[in-house]
2 protein chains.
Amino acid sequence: MRDLANALGIEAASIYSHIRSKEEILQRVCFRMAEEFFGAIEAVKDEDASATEQLKCAISAHVQVLTRNTEASAVFLQEWRHLSEPYHTDFLALRDRYENYFREIIRQGIASGEFQVPDEKFAVLTILSGLNWIHTWYKPEGKMKPAEISGNLSAMLLNGLKTNLN
Amino acid sequence: MRDLANALGIEAASIYSHIRSKEEILQRVCFRMAEEFFGAIEAVKDEDASATEQLKCAISAHVQVLTRNTEASAVFLQEWRHLSEPYHTDFLALRDRYENYFREIIRQGIASGEFQVPDEKFAVLTILSGLNWIHTWYKPEGKMKPAEISGNLSAMLLNGLKTNLN
DNA sequence: TAAACAACCTAACGTTCGTTAGCAAGTAAT
DNA sequence: ATTACTTGCTAACGAACGTTAGGTTGTTTA
(Lines give C-alpha, C1' and ligand atoms only; values in the text may rest on other atoms or scores of the structure.)
Protein backbone atom coordinates (compact mmCIF):
# COMPACT_ATOMS: atom_id res chain seq x y z
CA MET A 1 0.00 0.00 0.00
CA ARG A 2 2.82 2.35 0.90
CA ASP A 3 4.60 1.47 -2.34
CA LEU A 4 1.43 2.01 -4.31
CA ALA A 5 0.86 5.36 -2.61
CA ASN A 6 4.43 6.31 -3.35
CA ALA A 7 3.98 5.49 -7.03
CA LEU A 8 0.83 7.62 -7.03
CA GLY A 9 2.52 10.51 -5.27
CA ILE A 10 0.13 10.48 -2.31
CA GLU A 11 0.10 9.12 1.24
CA ALA A 12 -0.82 5.51 1.95
CA ALA A 13 -3.87 6.47 3.99
CA SER A 14 -5.21 8.59 1.13
CA ILE A 15 -5.75 5.50 -0.99
CA TYR A 16 -8.69 4.67 1.24
CA SER A 17 -10.65 7.59 -0.15
CA HIS A 18 -10.84 5.56 -3.36
CA ILE A 19 -11.02 1.91 -2.32
CA ARG A 20 -12.43 -0.02 0.60
CA SER A 21 -9.53 -2.42 1.02
CA LYS A 22 -6.41 -3.79 -0.56
CA GLU A 23 -8.26 -6.84 -1.69
CA GLU A 24 -10.76 -4.73 -3.59
CA ILE A 25 -7.93 -3.84 -5.96
CA LEU A 26 -7.23 -7.51 -6.52
CA GLN A 27 -10.91 -8.18 -7.13
CA ARG A 28 -11.20 -5.33 -9.61
CA VAL A 29 -8.13 -6.40 -11.56
CA CYS A 30 -9.12 -10.07 -11.67
CA PHE A 31 -12.70 -9.54 -12.75
CA ARG A 32 -11.92 -6.77 -15.22
CA MET A 33 -9.37 -9.02 -16.89
CA ALA A 34 -11.92 -11.81 -16.97
CA GLU A 35 -14.24 -9.42 -18.83
CA GLU A 36 -11.43 -8.58 -21.24
CA PHE A 37 -10.80 -12.22 -22.05
CA PHE A 38 -14.49 -12.98 -22.49
CA GLY A 39 -15.02 -9.90 -24.62
CA ALA A 40 -12.14 -10.82 -26.89
CA ILE A 41 -13.12 -14.43 -27.40
CA GLU A 42 -16.79 -13.67 -27.89
CA ALA A 43 -15.90 -11.11 -30.54
CA VAL A 44 -14.18 -13.73 -32.68
CA LYS A 45 -16.68 -16.49 -32.03
CA ASP A 46 -17.93 -18.01 -35.27
CA GLU A 47 -19.50 -21.42 -34.95
CA ASP A 48 -19.68 -21.85 -38.72
CA ALA A 49 -15.92 -21.73 -39.16
CA SER A 50 -13.77 -24.85 -39.01
CA ALA A 51 -12.40 -25.86 -35.64
CA THR A 52 -8.93 -25.06 -36.92
CA GLU A 53 -9.97 -21.53 -37.84
CA GLN A 54 -11.85 -21.07 -34.58
CA LEU A 55 -8.87 -22.17 -32.54
CA LYS A 56 -6.53 -19.84 -34.40
CA CYS A 57 -8.87 -16.93 -33.76
CA ALA A 58 -9.30 -17.83 -30.10
CA ILE A 59 -5.54 -18.07 -29.63
CA SER A 60 -5.04 -14.77 -31.37
CA ALA A 61 -7.69 -13.09 -29.23
CA HIS A 62 -6.20 -14.48 -26.05
CA VAL A 63 -2.69 -13.37 -26.97
CA GLN A 64 -3.94 -9.90 -27.83
CA VAL A 65 -5.48 -9.44 -24.39
CA LEU A 66 -2.42 -10.90 -22.71
CA THR A 67 0.09 -8.69 -24.50
CA ARG A 68 -1.97 -5.54 -24.18
CA ASN A 69 -2.27 -5.93 -20.40
CA THR A 70 0.92 -7.60 -19.29
CA GLU A 71 0.86 -6.57 -15.66
CA ALA A 72 -2.84 -7.06 -15.10
CA SER A 73 -2.54 -10.43 -16.80
CA ALA A 74 0.16 -11.49 -14.38
CA VAL A 75 -2.20 -10.66 -11.52
CA PHE A 76 -5.09 -12.41 -13.24
CA LEU A 77 -3.04 -15.56 -13.77
CA GLN A 78 -1.19 -15.76 -10.47
CA GLU A 79 -2.82 -13.76 -7.71
CA TRP A 80 -6.44 -14.85 -7.98
CA ARG A 81 -5.57 -17.50 -5.38
CA HIS A 82 -5.61 -14.80 -2.74
CA LEU A 83 -9.20 -13.76 -3.43
CA SER A 84 -11.45 -14.31 -0.44
CA GLU A 85 -14.84 -15.92 -0.66
CA PRO A 86 -17.16 -15.61 -2.47
CA TYR A 87 -14.89 -14.04 -5.07
CA HIS A 88 -12.54 -16.99 -5.18
CA THR A 89 -15.35 -19.37 -6.09
CA ASP A 90 -16.85 -16.92 -8.57
CA PHE A 91 -13.52 -16.47 -10.24
CA LEU A 92 -12.97 -20.19 -10.67
CA ALA A 93 -16.43 -20.52 -12.20
CA LEU A 94 -15.55 -17.84 -14.74
CA ARG A 95 -12.27 -19.52 -15.54
CA ASP A 96 -14.05 -22.81 -16.10
CA ARG A 97 -16.50 -21.11 -18.42
CA TYR A 98 -13.62 -19.62 -20.35
CA GLU A 99 -11.86 -22.96 -20.65
CA ASN A 100 -15.08 -24.38 -21.99
CA TYR A 101 -14.88 -22.11 -25.03
CA PHE A 102 -11.66 -23.87 -25.94
CA ARG A 103 -12.97 -27.25 -24.98
CA GLU A 104 -15.93 -26.80 -27.26
CA ILE A 105 -13.66 -25.97 -30.17
CA ILE A 106 -11.54 -29.06 -29.51
CA ARG A 107 -14.68 -31.15 -29.30
CA GLN A 108 -15.90 -29.81 -32.65
CA GLY A 109 -12.51 -30.49 -34.17
CA ILE A 110 -12.56 -34.06 -33.00
CA ALA A 111 -16.09 -34.54 -34.31
CA SER A 112 -15.18 -33.12 -37.71
CA GLY A 113 -12.05 -35.24 -37.93
CA GLU A 114 -9.76 -32.20 -37.93
CA PHE A 115 -8.21 -32.98 -34.56
CA GLN A 116 -6.97 -36.13 -32.95
CA VAL A 117 -6.01 -35.75 -29.31
CA PRO A 118 -5.33 -38.23 -26.52
CA ASP A 119 -7.46 -36.35 -23.99
CA GLU A 120 -9.79 -33.41 -24.49
CA LYS A 121 -9.41 -31.72 -21.13
CA PHE A 122 -5.70 -32.31 -21.23
CA ALA A 123 -5.43 -30.68 -24.65
CA VAL A 124 -7.15 -27.52 -23.43
CA LEU A 125 -4.88 -27.34 -20.42
CA THR A 126 -1.79 -27.69 -22.56
CA ILE A 127 -2.97 -25.05 -25.02
CA LEU A 128 -3.75 -22.55 -22.30
CA SER A 129 -0.52 -23.22 -20.49
CA GLY A 130 1.35 -22.39 -23.68
CA LEU A 131 -0.60 -19.17 -23.98
CA ASN A 132 -0.37 -18.14 -20.37
CA TRP A 133 3.36 -18.55 -20.14
CA ILE A 134 3.80 -15.60 -22.46
CA HIS A 135 3.40 -12.98 -19.76
CA THR A 136 6.61 -14.14 -18.08
CA TRP A 137 8.82 -13.21 -21.02
CA TYR A 138 6.83 -10.95 -23.34
CA LYS A 139 8.07 -7.37 -23.60
CA PRO A 140 6.10 -4.87 -25.71
CA GLU A 141 9.40 -3.41 -26.92
CA GLY A 142 10.76 -6.86 -27.85
CA LYS A 143 11.09 -7.90 -31.45
CA MET A 144 8.32 -10.48 -31.42
CA LYS A 145 4.95 -8.87 -32.05
CA PRO A 146 1.64 -10.25 -30.75
CA ALA A 147 0.52 -11.36 -34.21
CA GLU A 148 3.75 -13.27 -34.71
CA ILE A 149 3.43 -14.86 -31.29
CA SER A 150 -0.08 -16.12 -31.88
CA GLY A 151 0.91 -17.31 -35.35
CA ASN A 152 3.80 -19.33 -33.97
CA LEU A 153 1.70 -20.67 -31.14
CA SER A 154 -1.09 -21.75 -33.48
CA ALA A 155 1.43 -23.45 -35.74
CA MET A 156 3.11 -25.29 -32.89
CA LEU A 157 -0.07 -26.35 -31.16
CA LEU A 158 -1.84 -27.43 -34.32
CA ASN A 159 1.01 -29.14 -36.13
CA GLY A 160 3.42 -29.99 -33.35
CA LEU A 161 7.15 -30.08 -33.81
CA LYS A 162 7.18 -32.86 -36.35
CA THR A 163 7.80 -32.09 -39.96
CA ASN A 164 4.46 -31.64 -41.60
CA LEU A 165 4.24 -34.00 -44.56
CA ASN A 166 1.10 -32.52 -46.08
CA MET B 1 7.91 -18.88 9.96
CA ARG B 2 5.31 -19.22 12.71
CA ASP B 3 3.17 -21.39 10.41
CA LEU B 4 6.16 -23.51 9.55
CA ALA B 5 7.06 -23.90 13.22
CA ASN B 6 3.49 -24.85 13.97
CA ALA B 7 3.57 -27.53 11.30
CA LEU B 8 6.79 -28.83 12.82
CA GLY B 9 5.41 -28.78 16.34
CA ILE B 10 8.06 -26.39 17.65
CA GLU B 11 8.36 -22.67 18.36
CA ALA B 12 9.17 -20.20 15.59
CA ALA B 13 12.42 -19.13 17.17
CA SER B 14 13.61 -22.75 17.35
CA ILE B 15 13.78 -22.92 13.58
CA TYR B 16 16.85 -20.72 13.75
CA SER B 17 18.82 -23.56 15.33
CA HIS B 18 18.64 -25.19 11.90
CA ILE B 19 18.72 -22.40 9.36
CA ARG B 20 20.29 -18.98 9.13
CA SER B 21 17.32 -17.21 7.59
CA LYS B 22 14.01 -17.68 5.89
CA GLU B 23 15.61 -17.12 2.55
CA GLU B 24 18.02 -19.96 3.12
CA ILE B 25 15.03 -22.29 2.90
CA LEU B 26 14.09 -20.80 -0.44
CA GLN B 27 17.66 -21.14 -1.67
CA ARG B 28 17.89 -24.74 -0.57
CA VAL B 29 14.60 -25.70 -2.22
CA CYS B 30 15.39 -23.90 -5.47
CA PHE B 31 18.87 -25.28 -5.91
CA ARG B 32 18.03 -28.78 -4.78
CA MET B 33 15.23 -28.91 -7.32
CA ALA B 34 17.61 -27.64 -9.97
CA GLU B 35 19.87 -30.56 -9.12
CA GLU B 36 16.94 -32.93 -9.40
CA PHE B 37 16.02 -31.68 -12.85
CA PHE B 38 19.61 -31.81 -14.07
CA GLY B 39 20.14 -35.26 -12.61
CA ALA B 40 17.00 -36.58 -14.29
CA ILE B 41 17.73 -35.17 -17.70
CA GLU B 42 21.38 -36.17 -17.66
CA ALA B 43 20.41 -39.71 -16.79
CA VAL B 44 18.36 -40.07 -19.97
CA LYS B 45 20.78 -38.18 -22.19
CA ASP B 46 21.65 -40.17 -25.29
CA GLU B 47 23.05 -38.20 -28.15
CA ASP B 48 22.89 -41.14 -30.50
CA ALA B 49 19.12 -41.42 -30.30
CA SER B 50 16.83 -39.56 -32.67
CA ALA B 51 15.69 -36.10 -31.63
CA THR B 52 12.18 -37.44 -31.31
CA GLU B 53 13.31 -40.13 -28.90
CA GLN B 54 15.48 -37.71 -26.97
CA LEU B 55 12.65 -35.26 -26.57
CA LYS B 56 10.27 -37.94 -25.36
CA CYS B 57 12.81 -39.03 -22.77
CA ALA B 58 13.51 -35.48 -21.64
CA ILE B 59 9.80 -34.76 -21.28
CA SER B 60 9.32 -37.96 -19.33
CA ALA B 61 12.24 -37.17 -17.02
CA HIS B 62 10.97 -33.66 -16.42
CA VAL B 63 7.46 -34.86 -15.63
CA GLN B 64 8.80 -37.48 -13.24
CA VAL B 65 10.65 -34.86 -11.20
CA LEU B 66 7.68 -32.52 -11.29
CA THR B 67 5.16 -35.08 -10.13
CA ARG B 68 7.40 -36.58 -7.47
CA ASN B 69 8.00 -33.20 -5.84
CA THR B 70 4.85 -31.22 -6.41
CA GLU B 71 5.28 -28.67 -3.65
CA ALA B 72 8.99 -28.10 -4.11
CA SER B 73 8.35 -27.76 -7.83
CA ALA B 74 5.83 -25.01 -7.22
CA VAL B 75 8.47 -23.14 -5.25
CA PHE B 76 11.10 -23.82 -7.89
CA LEU B 77 8.84 -22.51 -10.64
CA GLN B 78 7.29 -19.52 -8.92
CA GLU B 79 9.25 -18.29 -5.95
CA TRP B 80 12.78 -18.12 -7.36
CA ARG B 81 12.03 -14.48 -8.15
CA HIS B 82 12.44 -13.67 -4.48
CA LEU B 83 16.01 -14.97 -4.30
CA SER B 84 18.49 -12.25 -3.41
CA GLU B 85 21.76 -11.77 -5.22
CA PRO B 86 23.92 -13.59 -6.08
CA TYR B 87 21.49 -16.51 -5.93
CA HIS B 88 19.00 -14.92 -8.26
CA THR B 89 21.59 -14.57 -11.00
CA ASP B 90 23.00 -18.05 -10.36
CA PHE B 91 19.55 -19.54 -10.55
CA LEU B 92 18.79 -17.91 -13.87
CA ALA B 93 22.06 -19.21 -15.26
CA LEU B 94 21.09 -22.73 -14.24
CA ARG B 95 17.69 -22.36 -15.78
CA ASP B 96 19.24 -21.19 -19.03
CA ARG B 97 21.56 -24.18 -19.01
CA TYR B 98 18.60 -26.47 -18.49
CA GLU B 99 16.64 -24.87 -21.30
CA ASN B 100 19.67 -25.44 -23.51
CA TYR B 101 19.29 -29.19 -23.15
CA PHE B 102 15.92 -28.88 -24.82
CA ARG B 103 17.13 -26.33 -27.29
CA GLU B 104 19.91 -28.67 -28.39
CA ILE B 105 17.42 -31.46 -28.99
CA ILE B 106 15.23 -29.16 -31.07
CA ARG B 107 18.27 -28.04 -33.03
CA GLN B 108 19.24 -31.64 -33.75
CA GLY B 109 15.71 -32.42 -34.80
CA ILE B 110 15.67 -29.52 -37.24
CA ALA B 111 19.04 -30.55 -38.65
CA SER B 112 17.92 -34.13 -39.14
CA GLY B 113 14.68 -33.06 -40.75
CA GLU B 114 12.56 -34.53 -37.97
CA PHE B 115 11.28 -31.21 -36.73
CA GLN B 116 10.02 -28.11 -38.44
CA VAL B 117 9.40 -25.17 -36.13
CA PRO B 118 8.85 -21.46 -36.69
CA ASP B 119 11.32 -20.42 -33.99
CA GLU B 120 13.73 -22.53 -31.97
CA LYS B 121 13.74 -20.54 -28.72
CA PHE B 122 10.00 -20.12 -28.95
CA ALA B 123 9.52 -23.87 -29.35
CA VAL B 124 11.49 -24.59 -26.18
CA LEU B 125 9.51 -22.02 -24.23
CA THR B 126 6.22 -23.51 -25.38
CA ILE B 127 7.31 -27.03 -24.54
CA LEU B 128 8.46 -26.09 -21.07
CA SER B 129 5.37 -24.03 -20.40
CA GLY B 130 3.26 -27.08 -21.20
CA LEU B 131 5.33 -29.16 -18.80
CA ASN B 132 5.48 -26.63 -16.02
CA TRP B 133 1.78 -26.02 -15.89
CA ILE B 134 1.28 -29.53 -14.58
CA HIS B 135 2.06 -28.65 -10.99
CA THR B 136 -1.04 -26.45 -10.79
CA TRP B 137 -3.45 -29.33 -11.33
CA TYR B 138 -1.57 -32.60 -10.80
CA LYS B 139 -2.65 -34.62 -7.81
CA PRO B 140 -0.74 -37.82 -6.96
CA GLU B 141 -4.03 -39.47 -6.07
CA GLY B 142 -5.65 -38.35 -9.34
CA LYS B 143 -6.38 -40.85 -12.06
CA MET B 144 -3.76 -39.61 -14.52
CA LYS B 145 -0.38 -41.15 -13.77
CA PRO B 146 2.97 -39.49 -14.56
CA ALA B 147 3.72 -41.88 -17.43
CA GLU B 148 0.36 -41.15 -19.01
CA ILE B 149 0.90 -37.42 -18.59
CA SER B 150 4.27 -37.42 -20.29
CA GLY B 151 2.94 -39.68 -23.03
CA ASN B 152 0.06 -37.31 -23.75
CA LEU B 153 2.34 -34.31 -23.60
CA SER B 154 4.84 -35.85 -25.99
CA ALA B 155 2.06 -36.74 -28.38
CA MET B 156 0.54 -33.27 -28.30
CA LEU B 157 3.80 -31.39 -28.58
CA LEU B 158 5.24 -33.60 -31.31
CA ASN B 159 2.16 -34.09 -33.46
CA GLY B 160 -0.03 -31.17 -32.48
CA LEU B 161 -3.79 -31.31 -32.47
CA LYS B 162 -4.17 -31.99 -36.13
CA THR B 163 -5.07 -35.41 -37.34
CA ASN B 164 -1.86 -37.21 -38.13
CA LEU B 165 -2.02 -38.44 -41.71
CA ASN B 166 1.05 -40.64 -41.60
C1' DT C 1 -24.83 30.97 -0.14
C1' DA C 2 -24.97 26.96 2.38
C1' DA C 3 -24.37 22.12 2.29
C1' DA C 4 -22.35 18.12 0.59
C1' DC C 5 -18.77 15.78 -1.27
C1' DA C 6 -14.17 14.46 -3.00
C1' DA C 7 -9.37 14.06 -2.35
C1' DC C 8 -5.90 14.66 0.22
C1' DC C 9 -3.30 15.20 4.81
C1' DT C 10 -1.07 13.76 9.70
C1' DA C 11 -1.04 10.66 13.38
C1' DA C 12 -1.50 6.52 15.05
C1' DC C 13 -3.82 1.91 15.87
C1' DG C 14 -3.14 -3.07 16.37
C1' DT C 15 -1.15 -7.06 14.11
C1' DT C 16 2.06 -9.76 12.01
C1' DC C 17 6.61 -10.44 10.47
C1' DG C 18 11.50 -12.29 10.54
C1' DT C 19 14.75 -12.47 13.81
C1' DT C 20 17.91 -12.19 18.15
C1' DA C 21 19.28 -12.91 23.01
C1' DG C 22 19.78 -15.78 26.53
C1' DC C 23 18.89 -19.99 28.72
C1' DA C 24 17.88 -25.17 29.68
C1' DA C 25 18.22 -29.97 28.77
C1' DG C 26 19.96 -33.95 26.34
C1' DT C 27 23.59 -36.17 23.63
C1' DA C 28 28.32 -36.91 21.87
C1' DA C 29 33.18 -36.28 21.99
C1' DT C 30 37.78 -35.72 24.65
C1' DA D 1 34.09 -36.20 34.11
C1' DT D 2 34.31 -32.19 31.57
C1' DT D 3 33.47 -29.99 27.43
C1' DA D 4 31.12 -28.94 23.44
C1' DC D 5 27.37 -29.31 20.42
C1' DT D 6 22.50 -29.85 19.29
C1' DT D 7 17.83 -28.79 19.80
C1' DG D 8 14.61 -26.84 21.90
C1' DC D 9 12.47 -23.04 24.99
C1' DT D 10 10.66 -17.98 26.56
C1' DA D 11 10.75 -13.26 25.85
C1' DA D 12 11.15 -9.68 23.19
C1' DC D 13 13.10 -6.63 19.50
C1' DG D 14 12.26 -3.39 15.56
C1' DA D 15 10.26 -3.04 11.25
C1' DA D 16 6.59 -3.42 8.13
C1' DC D 17 1.89 -4.19 7.27
C1' DG D 18 -3.19 -2.84 6.23
C1' DT D 19 -6.12 0.25 8.09
C1' DT D 20 -8.84 3.97 10.89
C1' DA D 21 -9.79 8.53 12.99
C1' DG D 22 -10.14 13.03 12.37
C1' DG D 23 -9.03 17.20 10.11
C1' DT D 24 -8.20 20.63 6.01
C1' DT D 25 -9.06 22.31 1.52
C1' DG D 26 -11.20 22.93 -2.75
C1' DT D 27 -15.01 21.77 -5.83
C1' DT D 28 -19.66 20.61 -6.90
C1' DT D 29 -24.65 20.62 -5.91
C1' DA D 30 -29.24 22.37 -3.90
In this structure, how many angstroms lie between the P atom of dG18(C) and the CG atom of L4(B), rounded? 10 Å
Report yes if a side-chain nitrogen or oxygen of S17(B) is closer than 4.0 Å to either non-bridging phosphate oxygen (OP1 or OP2) of dT6(D); otherwise report no. no
Residue K22(B), side-chain atoms from C-beta onward, closest of dC8(C), dG18(C), dG8(D): dG18(C)
Between atom NE2 in H18(A) and atom C1' in dA6(C), what is the gap in whole Å? 8 Å
Counting neighbours of CZ on F91(A) that are heavy atoms of other residues, nucleotides or ligands and sit closer than 6.0 Å, is the number greater than 12? yes
Should K121(B) and V124(B) count as side-chain neighbours, where that means a heavy-atom distance under 4.5 Å? no
Separation of atom CZ in R2(B) from atom C1' in dT15(C), rounded to whole Å: 10 Å
Rounded distance (Å) that lies between atom P of dA24(C) and atom CD1 of I10(B): 20 Å
Rounded to the Å, how far apart are E11(A) CD and dA12(C) P? 14 Å
Does the ring centre of F38(B) sit less than 6.0 Å away from the ring centre of F31(B)? no
Any E79(A) side-chain heavy atom under 4.5 Å of C30(A) side chain: no
Could you check how far CE of M1(B) sits from C1' of dA15(D), rounded to whole Å? 16 Å
Within this structure, what is the CD1-to-P distance between I25(B) and dG18(C), rounded to whole angstrom? 9 Å
Distance check needed: dC9(D) C1' versus Y16(B) OH, whole Å only. 16 Å
